[in-house]
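Take a look at the structure set out below.
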Amino acid sequence: MELTFAQQSTAFLCSLVFGAAAGLLYDIFKIIRMTLCKGKASVFVTDFLYVFIVSLNLFIFSVAYMLGFFRVFVTGGLFFWFFFFWFFS
C-alpha cells in the first residue's frame, strides 16, 4: 500500500514536532548529566537511556504514521529540528 501525499505531508510535519521534542529531551538529559553525573559510567547510562527512548519512540512513530515504512524525509525532518535545538541551546 502506497502512502498518499496527505499522509506523507502529515508524517513530515509530525516528524518536525518529534525532532523538536527529541531536542528538548536532549536538553533535559543534558541538565541531568551536568548536575548529577560525576563519572563516565553515569554519562554512558544517561546517553544510552536517551538513545533508547528516542529510538523506541521513532519506531512507534514510524509504525503509527508511516505504516512501518522508512522514509528519508521523515528522518530529515527529525534531524533538522534536533540539530536546531542542539546548535541553539
Side-chain angles (χ1 to χ4, degrees):
M1 176 178 173
E2 190 62 32
L3 297 171
T4 65
F5 181 74
Q7 289 172 319
Q8 291 178 8
S9 300
T10 302
F12 177 72
L13 294 175
C14 289
S15 73
L16 292 175
V17 173
F18 184 80
L24 288 173
L25 184 65
Y26 180 79
D27 285 343
I28 292 169
F29 272 88
K30 187 177 179 181
I31 291 169
I32 292 170
R33 191 179 328 123
M34 291 170 61
T35 57
L36 301 176
C37 296
K38 302 298 180 200
K40 291 182 181 180
S42 60
V43 171
F44 174 78
V45 169
T46 57
D47 286 347
F48 180 79
L49 187 61
Y50 171 77
V51 169
F52 178 74
I53 290 170
V54 171
S55 298
L56 181 64
N57 285 318
L58 182 58
F59 173 73
I60 293 169
F61 174 80
S62 174
V63 169
Y65 285 99
M66 300 302 299
L67 304 174
F69 292 111
F70 174 78
R71 302 287 182 178
V72 175
F73 64 87
V74 172
T75 307
L78 172 80
F79 282 125
F80 172 76
W81 277 107
F82 174 78
F83 285 120
F84 178 81
F85 273 94
W86 189 52
F87 284 126
F88 295 110
S89 65

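Side chains are part of it too, since the values below use all heavy atoms of this structure and drop only hydrogens, waters and symmetry mates.
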(request) Under the ring-ring contact (aromatic ring centres under 6.0 Å, His included) rule, collect the residues that match up with Phe29, sequence neighbours excluded. (result) Tyr50
(request) Give the C-alpha distance, both sets of side-chain angles, the deciding distance and a yes or no for side chain to side chain contact (heavy atoms under 4.5 Å, CB included) between Phe5 and Ser9. (result) CA-CA 6 Å; Phe5 181 74; Ser9 300; 3.4 Å; yes
(message) With a 4.5 Å cut-off on side-chain heavy-atom distances among I, L, V, M, F, W and Y, is there a chain of contacts connecting Leu24 to Phe61?
(response) yes
(message) Thr4: which residues meet the side-chain contact (heavy atoms from CB on, under 4.5 Å) condition with it, sequence neighbours left out?
(response) Ala6, Gln7
(request) Could I get the full list of side-chain contact (heavy atoms from CB on, under 4.5 Å) partners for Val43, not counting sequence neighbours? (result) Arg33, Cys37, Asp47
(message) Donor-acceptor check, side chain of Ser55 to backbone of Phe52, threshold 3.5 angstrom: yes or no?
(response) no
(request) Considering non-hydrogen atoms only, spot the tightest contact between Gln8 and Phe73 and give its length. (result) O-CE1, 3.3 Å
(request) Just jot down the side-chain contact (heavy atoms from CB on, under 4.5 Å) partners of Phe80, sequence neighbours excluded, or say none. (result) Leu16
(message) Other members of the hydrophobic cluster containing Ile32, with the 4.5 Å side-chain heavy-atom rule, please.
(response) Ile28, Leu36
(message) Minimum heavy-atom separation for Gly39 and Ser42, please, with both atom names.
(response) O-OG, 2.9 Å
(request) Hey, could you give me the CG/CZ distance between Leu49 and Phe44, rounded to the nearest 0.5 Å? (result) 11.0 Å
(request) With sequence neighbours excluded, give me every salt bridge (Lys or Arg N to Asp or Glu O under 4.0 Å) pair touching residues 58-69. (result) none
(message) Are Phe18 and Leu67 linked, directly or through intermediate hydrophobic residues, by side-chain heavy-atom contacts shorter than 4.5 Å (ILVMFWY only)?
(response) yes
(message) Please determine whether residues Phe79 and Phe87 belong to a single hydrophobic cluster, defined as Ile, Leu, Val, Met, Phe, Trp and Tyr linked transitively by side-chain heavy-atom distances below 4.5 Å.
(response) yes
(request) Start with the C-alpha gap between Ser15 and Phe12, add the side-chain angles, then the distance that decides, and say whether side chain to side chain contact (heavy atoms under 4.5 Å, CB included) holds. (result) CA-CA 5 Å; Ser15 73; Phe12 177 72; 4.0 Å; yes
(message) Just to verify, which of Val17, Val54, Leu58 counts as forming a side-chain contact (heavy atoms from CB on, under 4.5 Å) with Leu78?
(response) Leu58
(message) Using a 4.5 Å cut-off between side-chain heavy atoms of Ile, Leu, Val, Met, Phe, Trp and Tyr, which other residues end up in the same hydrophobic cluster as Ile31?
(response) none
